[in-house]
Amino acid sequence: MGKTTEMKYLFEPRSVAIIGASSSPDKIGYKIVENIKASGYKGKVFPINPKGGEILGYEVFPNIEDVKDDIDIAVISIPAKFVFDSLSGCAKKRVKFLLIIASGFSEIGNLEEEQKIVQYARQNGMRVLGPNIFGIFSASAPINATFGPKYIKSGSVAIITQSGALGVAMIGKTSAERIGLSAIVSVGNKSDIDEADLLEYLGSHKDTKVILMYIEGVKNGEKLISALYKVTKVKPVIAIKAGRSKRGAIAAASHTGSLAGSDEIFSDVMKQCGVLRAETIQEALNWSKFLATSPKPKGEDAVIITNGGGVGVIATDACEKFGVNLYDNLNDLKVTFSEVVPQFGSVKNPVDLTGQATILDYEKALQASLKSKSINSIICLFCETATFDANDFIGSLKNLSSNARFTKPVAFALFGGEKVESAVASLKREGFSAFTEVYEAVSSLGALYSHYRIAKELASQQSAEQELQKLSIDMDAISEIINIAKQEKRSFLFQNEAQAVMKAAGIRTPKTFIAKSLEEAVLFAERIGYPVVMKVVSRDILHKSDVGGVMLDLQTKEEVIDAYQVIMHNCKRRAPSARIDGIEIAEMIKGGVEVIAGARRDGAFGPIVMFGLGGKYVEVMKDVSFRAFPLTKREALKMISETKAYSLLLGTRGEERKDISSLIDAILKVGTILCKSKDISDIEINPLLIYDEGEGACALDIRVMLKPQGD
Ligand code: ACO
């Protein structure tokens, strides 16, 4: 059975057993049966309870094995300590999905019991949802196998939530906001089924237009990335992630027993996969509704229609913030709106109908925008005035939409007192995207455009693997270098070895020699040409500057002799037990923009690359961005452009543009080396000097760390 076919039975089960069904109305095992019944579920329902009897008209079976029919899903609502024992009956009945409601597993440190359940389920061909969940609602069945609210409005937004209580609350909130759900799935501890499995299914689920995820931590990030790449190409995925702050991350980890991970990395990786990350639950719900109900834009260029200059300006600011492009062909705007706008108004964008605008003026302006071939979306603003009642919008828009059909995205923001607020509520009830806040309207349109661009870009994107194949890296040479370090039981490479790794990847490094004596030091310095840099080489000294082991800008033979003696003296005094393997003599490199580029293995997402402003202030400036690996050149450029360092690379104050393509090449190469060598845990080049365009880059200081042996 294919993955999607298999998942279909979770969303469209033909039969359901409730283990722990109870006739006590205050128990979860009763609520679930009650909700299933109220949802109008057409399949077979088998409550299981040793007492037998009847619950809500359904025959109760003392044991699941007493049921004659096949069972697709079993909702298990008995205390954690009894769950495992209930599985053998499910296995005998060849149940497809176990939905384990009980809390008391990995989220409180009881990982062993959870793993025992998953292992048994896998051995017996069963998939596990949970534990620590409130269940599932699926409109396609329809089935409400949750202990949340009884009635859930059907629609086209699917919610995947890691938090149970928040998920239940979201059902209530979506209903209040008139957002219909195609499904809501509680994933809890994600012991087996996780967001990635559900995304794969929902990606091709015809009743789902938008997917909203609430995530606290990612367990299998590589699987999630691959699912997201597939889905965001075809439908919007909105994420709310808790655990942004340090304390929040700790709270999230203990809530669902998962690794919360670094928020910066999560954020950047989600961006890379085309996920729209909302700041708040309200924002996520606004976006979900707007994206689920709006037609797709056919192009950029939006127009603002307003009766107040002030809100027009606020909306213009918001457009810049949320990436909504405003149409600015003045001639065309004049032709389109001159008949609608009074002489003292403005036909520029924002189109200002002025404070005397009537509902008729709004209708005409909307019609003109809908007809225009150049305008692709509309932000319609209204400030409460005495010229007409906000409620007039309701009938007028209903008329307009039934005659002209809203073939373009239109976001409404109506601002004013109680009457206006109630008009907004009515518009929402009628299915229009109306807000009481200008920013909310524009942010929703911005989210729609973000998805529009993402889908276009992902559809045309070459696969990262294809691009990376073109890089030439001598992995055999790199393995040889690493083997030497491994034989010597080192967890890092010496600078000359790290430089050799760079050489094998075609990344330039300064000319370097290792001198074993003062005579050799002078000889090498003369060979390289002045000025030179000298650094101690020692397996026991990682931070060379701290012990006085680095001397820069040495101009003459005499300075080299002095520096050699000073370095030796400093190291003997400050690190008396360190083994000195020699002194590195290197070409002194100047100029270029100092950046940092690196790759490492992240606990949640696997191989990741990072880029940022380099030099010694890296930690303080925190001007870094991340991406999961592999990635395309285009995505690497995006990653670079998210930092402040990017403006330096573009050339500030009359400076030349820097060699950004060499930088991209270096980033892709360090990522590839890390991925291809199972022994490397970390590569960092800091600084990596980026010269003027066409002149390349040079890796000045390279740190290559190896995984602990035996890992
Ligand atoms: N097969 C069938 N029935 C059984 C079995 C079995 N193996 N074992 C026990 N039962 C019966 C019990 O006799 C009882 O029936 P009764 O009411 O007729 O006496 C029924 O199953 C339920 O068992 P209880 O021991 O009464 O358990 P209770 O219903 O109190 O609690 C529950 C079970 C809900 C799973 C609880 O242990 C739990 O974990 N609660 C937390 C749930 C939760 O928060 N989930 C996660 C997130 S959702 C959110 O946060 C909103």
Side-chain angles (χ1 to χ4, degrees), residues 16-36 45-56 58-67 71 73-93 95 98-110 113-114 117 120-121 128-137 144-150 152 159-174 184-191 193 214-217 242 251-252 254-258 281:
V16 52
I18 306 94
I19 300 179
S22 172
S23 43
S24 309
D26 55 338
K27 287 204 182 176
I28 287 179
Y30 176 87
K31 285 271 173 262
I32 293 173
V33 180
E34 192 185 30
N35 281 354
I36 291 175
V45 182
F46 305 111
I48 315 292
N49 187 307
K51 292 175 192 153
E54 214 182 80
I55 300 175
L56 294 163
Y58 297 114
E59 177 188 355
V60 177
F61 294 80
N63 195 303
I64 193 164
E65 289 170 64
D66 300 332
V67 177
I71 297 168
I73 68 172
V75 185
I76 305 180
S77 180
I78 53 176
K81 58 179 186 244
F82 301 128
V83 171
F84 184 77
D85 288 343
S86 72
L87 300 190
S88 64
C90 297
K92 282 185 195 133
K93 286 299 300 170
V95 169
L98 306 169
L99 280 60
I100 305 176
I101 302 287
S103 305
F105 292 94
S106 64
E107 83 282 5
I108 56 153
N110 188 5
E113 186 73 7
E114 190 171 296
I117 289 172
Y120 182 83
V128 178
L129 185 67
N132 193 20
I133 60 167
F134 65 78
I136 186 170
F137 160 78
N144 178 5
T146 74
F147 60 93
K150 198 182 281 177
I152 302 179
I159 302 181
I160 302 171
T161 172
Q162 203 172 341
S163 163
L166 190 67
V168 170
M170 274 210 266
I171 299 177
K173 186 76 182 155
T174 48
I184 178 158
V185 191
S186 164
V187 287
N189 297 0
K190 303 191 273 196
S191 67
I193 295 174
Y214 169 81
I215 300 189
E216 285 179 354
S254 58
H255 185 196
T256 37
S258 62
I281 297 176

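Read the numbers this way: they start at 1 and go in the same order the structure lists the ligands and their atoms.
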Quiz item: Does any N/O atom on Asn49 come nearer than 3.5 Å to any N/O atom on ligand 1?
Solution: yes
Quiz item: With sequence neighbours left out, what residues match Ser86 under side chain to side chain donor-acceptor pair (under 3.5 Å)?
Solution: none
Practice problem: Only heavy atoms count here, so choose which of Ile48, Ile78, Ile55, Ile32 is nearest to atom 35 (C) of ligand 1. | Solution: Ile78
Quiz item: Any N/O of Ser86 closer than 3.5 Å to an N/O of ligand 1?
Solution: no
Quiz prompt | Closest to atom 39 (O) of ligand 1 (judged by heavy-atom distance), picking from Ser103, Ala169, Ala80, Gly135 | solution = Ser103
Exercise. Looking only at distances, please establish whether an N/O atom of ligand 1 is found under 3.5 Å from an N/O atom of Ile101.
Key: yes
Self-check item: Atoms of ligand 1, numbered as shown, that sit under 4.0 Å from any heavy atom of Asn132
Solution: 46 (C), 47 (C)
Quiz item: With a 4.0 Å cut-off on heavy atoms, is Gly29 touching ligand 1?
Solution: no
Quiz item: Quick one: does Ala165 get within less than 4.0 Å of ligand 1, heavy atoms only?
Solution: yes
Quiz item: Polar-atom distance check: Ser77 versus ligand 1, any N or O pair below 3.5 Å?
Solution: no
Quiz item: In ligand 1, which numbered atoms sit nearer than 4.0 Å to a non-hydrogen atom of Lys51?
Solution: 16 (P), 18 (O), 19 (O)
Practice problem: Check ligand 1 against Ile19 and write out every atom of the ligand that is under 4.0 Å from a heavy-atom position of the residue. | Solution: 1 (N), 2 (C)
Quiz item: Against heavy atoms of Pro50, which atoms of ligand 1 measure under 4.0 Å?
Solution: 2 (C), 3 (N), 4 (C)
Quiz item: Does any N or O in the side chain of Asn49 come within less than 3.5 Å of the main-chain N or O of Ala21, such that one atom is a donor and the other an acceptor?
Solution: yes
Quiz item: Any side-chain heavy-atom pair from Thr174 and Ile152 closer than 4.5 angstrom?
Solution: no
Quiz item: Can you find a non-hydrogen atom of Tyr30 under 4.0 Å from ligand 1?
Solution: no
Practice problem: Out of Pro62, Ser22, Pro79, indicate the one that has the non-hydrogen atom closest to atom 17 (O) of ligand 1. | Solution: Ser22
Self-check item: Atom indices of ligand 1 within 4.0 angstrom of Phe134 heavy atoms, with elements
Solution: 48 (S)
